[in-house]
Amino acid sequence: MATMNMIQALNSAMDVLLTRDPNVLIFGEDVGFFGGVFRATEGLQKKHGLERCFDTPIAEAGLIGISVGMAAYGLRPIVEIQFADYIYPAYDQIVSEVARLRYRSAGQFTAPITIRSPYGGGIFGGQTHSQSVEALFTHVAGLKVVIPSNPYDAKGLLIASVEEDDPVVFLEPKRIYNGPFDGHHDRPVSPWSKHPASEVPDGHYRVPLGKAAVAREGSDVTVLAYGTMVHVVLAAVEEAGVDAEVIDLRTLWPVDIEAITGSVRKTGRCVIVHEATRTSGFGAELSALVQERCFYHLEAPILRVAGWDTPYPHAFEWEYFPGPARVAAALKRTMEA
Amino acid sequence: MTSSPHPLRPNALSLRIPEPKARPGEKLDFGNLRLSAAGEVARPPVDIDHTEIRDLAYRLIRVLDDDDRALGPWAPGLSVEALKRGLRSMMLTRAFDERMYRAQRQGKTSFYMKCRGEEAVAVAQAEALSPDDMCFPTYRQQGLLIARGYPLLEMMNQVLSNEQDPLKGRQLPVLYSAREFGFFSISGNLGTQFSQAVGWAMASAFKNDRRVASAWIGDGSTAEGDFHHALTFASVYRAPAILNVVNNQWAISSFHGIAGDNDSPFASRATGYGLPALRVDGNDFLAVYAATRWAVDRARANLGATLIEHVTYRAEGHSTSDDPSQYRPVEEAAGWPLGDPVARLSRHLIAIGEWSDDAHAALEKELVELVRATARQSEAIGTLATGSKPSVREMFEDVFKEMPWHIREQRQELGI
């Protein structure tokens, strides 16, 4: 057991994977000698060898393209896309190739590829370093989408993702790489070391895909969140004085439907929170699922708190970011409904 | 200069929109085709520095001359047995195409694509590769499967989407997948396979294997980013890959110039990436074999990838969905200066005293009969029209390794 932040936990996961499976290899822009712009792969090249963790040309579609060929050969690639905002050039290879390979070849070829990418806002990254792209992938048949919210889950989910025989888009909330940011940008952020989820086993373990976690038990309202927003929601719940049950989805797709419906049927209310733009965001799918399955248990309309439907604006970071005040307001609204 | 200045502005700029030399009703003109004589192009050793053979991107490697003799340093010295095997595979591919095309016209399937005129590219390359080398083809290399001995019946079952369709009714006809035969699942969105092949080749090198990968792309699709990615990664990581551009002159109705070879042949793209390039007569079985063998030997010697442009001609429509007489002269296929690959190899075998017109006619009859008998077998299993397709349960399988709850629910919603 060691105390780790999320970067260290992800690094530890990849170290374990490289050690255990000679078919695992890691590549991406700047991931080799330098260890990645967020240092997630620091030291891995030195420890495991040049060809186990190496730099690539700046060509995201090329990265995913070669990973498909490597998977067809029998390797298990971990591809880093430096920022989720840069994943769009690779969209054709991900949607038309990675996601569909097992289906279209009737299982002859598979794509056990894990695409890691830092995503989300709160870092003054502007339009091209802040976006939340998850709904572009939850919409695609054949992909699993995973978003951890703490170091323990990050390591266990990444190991599970890489060992999965299906492709996984693994999005890392970069705002909480170093500490559990609760949305109060004007207050100091406490480091992960003060959070119990920073206790991370050194060796191999998995956090299963498709299983949500209850981040806070409660009885008044169910809040569905993932990534950075789990911590924002936990802060907002305290400030609103509402006994909310906070579900950390962890795997967005296939989502843990039992955890969601079980909680909403208990509380009768549901608020959905994500950073991504609201329209056609993942919250829309969650809302539909809850409505279809829990309608007769609902005592209030389902509410969504999300990024505004604008490009991510640089100077308006905190007006855009769905912080604790907006979440708390939604919690109160749903309780008053 | 081809500028057409503005009537009132003599020095105005003008935009070039490339057009082929001839459209329907116009006189055939192959004046832009860069040709070399058979036997004329030198054959360098496979370990040569690529900077010393840049001219090969602008020449045309040809072995068979107009008198059907094999000339020059690229003549591969293939055994008569290998030549006859190649001829048979090309003829079988053609017979298969004819039959499946007719099946589409008879409503037994939705779609078909022939490779007439381009058989040598796939079949000679299958001969030059080892059976365990990996192929990342387009939809016009069905000759690879036939040359590698993939069962015709399986191909037909795929095309007819019947109960025995190895791809379980999920894929468009002709987008085969045959892992056991080193044939990657064909994608309908063009170009993606090119970088994938380089990834496979990188994996082979990573595992200190001996196998190489071969990829095909059409002249039109070289304009896709995947082409650039493949060449970049192949160059950077010295991947053991054969990167083939099948320049069949037409991308549906768009001529090769629209993809960018007005001023420089596709083979020359390799130069800037630091890769060697060979430009070869794609209708010359011996030249295709020899060029491919050179690239395979180079790749297997850990010297990296080679780009090969095969200059050929798509003698039929793009698919069953277009009528080529609408966009090019109907006489163009017959007038193609590099002839027909099947006829040329057959005449060469006759010229060396190993074949005859009678033997050719007998073989053709035999293959047509083989295809007909196999087609009857496949059609007895079912066609798209008879509705005897795979179980609709298959629609929901293989999206993931294990079926998640939402797909199971949707299957139940459909009542199965």
Side-chain angles (χ1 to χ4, degrees), chain A residues 22-23 25 27 51-52 54-75 77 89-90 92-93 95-113 141-144 164-167 209-210 251 253-258 289, chain B residues 134 136 165-172 175-180 183-189 191-207 209 211 213 215 224-226 228-230 232-233 235-237 239 241 390 394 397-402 404-407 409:
Chain A
N23 289 326
L25 76 175
F27 47 91
E51 73 272 24
R52 299 293 302 281
F54 58 87
D55 293 334
T56 63
I58 303 173
E60 290 77 14
L63 287 180
I64 304 299
I66 64 164
S67 76
V68 172
M70 288 174 172
Y73 184 93
L75 303 186
D92 182 37
Q93 284 281 358
V95 173
S96 308
E97 302 295 311
V98 171
R100 297 185 193 154
L101 191 53
R102 177 189 294 278
Y103 188 78
R104 78 172 196 225
S105 71
Q108 292 175 8
F109 296 98
T110 58
I113 297 164
L143 295 177
K144 298 191 173 185
E164 182 82 9
D165 288 332
D166 290 312
L209 304 191
T251 298
W253 207 257
V255 78
D256 186 348
I257 192 66
E258 299 298 330
L289 287 170
Chain B
M134 187 70 188
F136 287 79
D165 171 5
L167 303 184
K168 303 180 177 175
R170 296 178 190 146
Q171 255 304 25
L172 196 66
L175 301 186
Y176 309 104
S177 178
R179 185 184 176 94
E180 296 302 313
F183 189 95
F184 190 68
S185 158
I186 302 173
S187 185
N189 50 335
T192 46
Q193 74 283 358
F194 228 50
S195 56
Q196 292 166 357
V198 172
W200 196 98
M202 289 171 68
S204 182
F206 172 80
K207 296 299 268 184
D209 198 343
R211 293 176 291 163
E224 290 281 6
D226 300 292
H228 164 71
H229 302 140
T232 301
F233 281 74
S235 169
V236 169
Y237 301 105
E394 291 296 348
E397 297 289 338
D398 290 331
V399 181
F400 296 99
K401 186 178 183 185
E402 283 153 26
W405 64 268
H406 66 289
I407 297 179
E409 277 190 7

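Each chain gets a letter, A, B and so on, in the order its sequence line appears, and its residues count up from 1.
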Next on the checklist: What part of B:V236 gets within 4.5 angstrom of chain A, counting heavy atoms only: side chain, backbone, both, or neither?
Outcome noted: side chain
Checklist entry - Nearest heavy-atom pair of A:T56 and B:Y237: which atoms, and what distance? => result CA-OH, 3.1 Å
Item to check | Portion of B:E409 that has a non-hydrogen atom of chain A nearer than 4.5 angstrom | outcome: side chain
Item to check | Heavy-atom pairs under 4.5 Å with chain B, option from A:R100, A:E164, A:K144 with the top count | outcome: A:K144
Checklist entry - Does A:Q108 use its side chain to pair, donor to acceptor, with the backbone of B:R179 at less than 3.5 Å? => result yes
Next on the checklist: Between A:Y73 and B:F206, is there a side-chain heavy-atom distance shorter than 4.5 Å?
Outcome noted: no
Checklist entry - Just by modelled atom types, is the A:R104 backbone N or O under 3.5 Å from a matching donor or acceptor in the B:R170 side chain? => result no
Next on the checklist: Is the shortest side-chain heavy-atom distance between B:W200 and A:I66 below 4.5 Å?
Outcome noted: no
Checklist entry - When only pairs under 4.5 Å are counted, which of B:D209, B:T232, B:L172 shares the most heavy-atom pairs with chain A? => result B:D209
Item to check | B:K401 and A:D166 ion-paired at < 4.0 Å | outcome: no
Next on the checklist: So does B:T192 get a backbone contact from the side chain of A:E97, meaning a donor-acceptor N/O pair under 3.5 Å?
Outcome noted: no
Item to check | Side chain / backbone / both / neither for B:E394 at chain A, heavy atoms under 4.5 Å | outcome: backbone
Next on the checklist: Under a 4.5 Å cutoff for heavy-atom pairs, which residue among B:K168, B:Q196, B:H229 has the most contacts with chain A?
Outcome noted: B:Q196
Checklist entry - Would the A:Y103 and B:F400 ring centres measure less than 6.0 Å apart? => result no
Checklist entry - So A:D165 and B:E402, side chain to side chain contact (heavy atoms under 4.5 Å, CB included) or not? Walk me through it. => result CA-CA 10 Å; A:D165 288 332; B:E402 283 153 26; over 6 Å; no
Checklist entry - How long is the span from the OG atom in B:S195 to the CD atom in A:Q93, to the nearest 0.5 Å? => result 4.5 Å
Item to check | Largest heavy-atom contact set with chain B, pairs under 4.5 Å, which of A:P254, A:P89, A:G142 | outcome: A:G142
Item to check | Nearest non-hydrogen partners of B:L167 and A:A106, listed with the distance | outcome: CA-CB, 4.0 Å
Checklist entry - Given the options A:I64, A:V255, A:T110, which has more heavy-atom pairs under 4.5 Å with chain B than any of the others? => result A:V255
Checklist entry - In Å, rounded to the nearest 0.5 Å, how long is the span from CG of A:D92 to OG of B:S187? => result 7.5 Å
Next on the checklist: Can you tell me how far apart CE (B:M202) and CG (A:L25) are? Round to the nearest 0.5 Å.
Outcome noted: 7.5 Å
Next on the checklist: Can you tell me which of A:G107, A:S105, A:P57 forms the most heavy-atom pairs within a distance under 4.5 Å of chain B?
Outcome noted: A:P57
Item to check | Where A:A59 and B:F233 come nearest, the two heavy atoms and their spacing | outcome: CB-CE1, 3.9 Å
Checklist entry - Where on B:I186 is there a heavy atom nearer than 4.5 Å to chain A: the side chain, the backbone, both, or neither? => result backbone
Next on the checklist: Could you tell me if the side chain of B:Q193 sits less than 4.5 Å from the side chain of A:V68, heavy atoms only?
Outcome noted: no
Item to check | Proximal component of A:L143, with respect to chain B [non-hydrogen, under 4.5 Å] | outcome: backbone
